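These numbers come from a predicted model, not from an experiment.
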Amino acid sequence: MFDHVVFGVSDYEESKAFFIKALAPLGITIFYEGELGIELGLAGEKTSLCIRRNGEKTTPLHLAFSAANRQQVIDFHSAAMLAGAKDNGGPGCRPEYNANYYAAFVIGPDGHNIEAVCHEPS
């Protein structure tokens with residue numbers, strides 16, 4: 001649905017390092033980095049996440065990333081925690097959303113709620 005999502009961060013280097021490490025288990029890598037900031041995405045996909053240098057703390061976002069399987073959700077959570085995230089709900093089923101909703105949530109830089117979710121049955 002989206003072509004890209006753009007948001008600014010208060011500490012560009014911290015956010016860049018966090019998102020690169022936390023999203024690596026989902027196959028998300030750097031598409032481009034330039035004067036404005038960094039663009040991340042999946043190889044072969046056109047959708048991207050753009051992190052911009054603005055030096056100001058923004059309103060926290062909820063960013064949910066698709067995981068191909070439940071192991072990717074687990075790996076995302078581990079990588080995000082190692083990258084300095086605060087736990088906001090470890091890997092597990094969330095039947096209140098739907099029967100196959102398997103997700104993990106962390107709080108990243110600037111208070112953003114970052115999620116990896118898999119909708120595949122176990």
message: Apply side-chain contact (heavy atoms from CB on, under 4.5 Å) to residues Ile28 and Phe19 and explain how you reach the verdict.
response: CA-CA 9 Å; Ile28 296 172; Phe19 281 100; over 6 Å; no
message: Looking at every non-hydrogen atom in both residues, tell me the closest pair between Phe18 and Ala80 and how far apart they are.
response: CE1-O, 3.8 Å
- prompt: Going through the checks in order, is the side-chain contact (heavy atoms from CB on, under 4.5 Å) test met by Leu23 and Phe76?
  reply: CA-CA 6 Å; Leu23 300 179; Phe76 153 80; 4.3 Å; yes
message: Quick check on the hydrophobic clustering: are Tyr101 and Val73 connected, directly or via other members, by side-chain heavy-atom contacts under 4.5 Å?
response: no
field: Cluster overlap Ile114 with Leu61, hydrophobic side-chain contacts below 4.5 Å
entry: yes
Common cluster, Val6/Leu42, ILVMFWY with side-chain heavy-atom separation under 4.5 Å: no
- prompt: Between Leu26 and Ala67, which heavy-atom pair has the shortest distance, and what is it?
  reply: CD2-CB, 3.9 Å
Residue pair Asn113, Leu63: steps toward the side-chain contact (heavy atoms from CB on, under 4.5 Å) verdict: CA-CA 6 Å; Asn113 182 17; Leu63 300 169; over 6 Å; no
- prompt: Does Gln72 use its side chain to pair, donor to acceptor, with the backbone of Pro25 at less than 3.5 Å?
  reply: yes
field: Rounded distance (nearest 0.5 Å) linking atom CE of Met81 with atom NZ of Lys86
entry: 10.0 Å
- request: Give the minimum heavy-atom separation between Arg94 and Ala103, together with the two atoms involved.
  value: NH1-O, 3.2 Å
query: Within the side chain of Asn54, is there an N or O that forms a donor-acceptor pair under 3.5 Å with the backbone of Val9?
result: yes
- request: To the nearest 0.5 Å, tell me how far Tyr12 OH sits from Leu36 CG.
  value: 9.5 Å
message: Donor-acceptor check, side chain of Arg53 to backbone of Glu35, threshold 3.5 angstrom: yes or no?
response: yes
field: Main-chain N/O of Thr58 paired to Asp110 side chain as donor or acceptor, under 3.5 Å
entry: no
message: Treating Ser48 as the side-chain partner and Gly41 as the backbone partner, does any N or O pair qualify as donor plus acceptor under 3.5 Å?
response: no
query: Is there side-chain contact between Ile51 and Lys16, with heavy atoms separated by less than 4.5 Å?
result: no
- prompt: From Glu45 CD over to Asp3 CG, what is the distance, rounded to the nearest 0.5 angstrom?
  reply: 11.5 Å
- prompt: Do any N or O atoms from the side chain of Arg70 and from the backbone of Tyr102 form a donor-acceptor pair under 3.5 angstrom?
  reply: no
- prompt: Does some side-chain heavy atom of Asn69 sit less than 4.5 Å from a side-chain heavy atom of Glu120?
  reply: no
- prompt: Taking all atoms of both residues into account, what is the closest heavy-atom pair of Val106 and His77, and its distance?
  reply: CG1-CD2, 3.7 Å
- request: Using the rule that two of Ile, Leu, Val, Met, Phe, Trp, Tyr join whenever any of their side-chain heavy atoms come within less than 4.5 Å, decide whether Leu49 and Phe31 are in one cluster.
  value: no
message: Taking Phe105 as the starting point, is it possible to reach Phe65 by hopping between hydrophobic residues whose side chains are less than 4.5 Å apart?
response: no
- prompt: Between Asn100 and His119, what is the shortest heavy-atom contact and its length?
  reply: CB-O, 3.2 Å
Minimum heavy-atom distance Phe2-Thr47, with the two atoms named: O-OG1, 3.1 Å
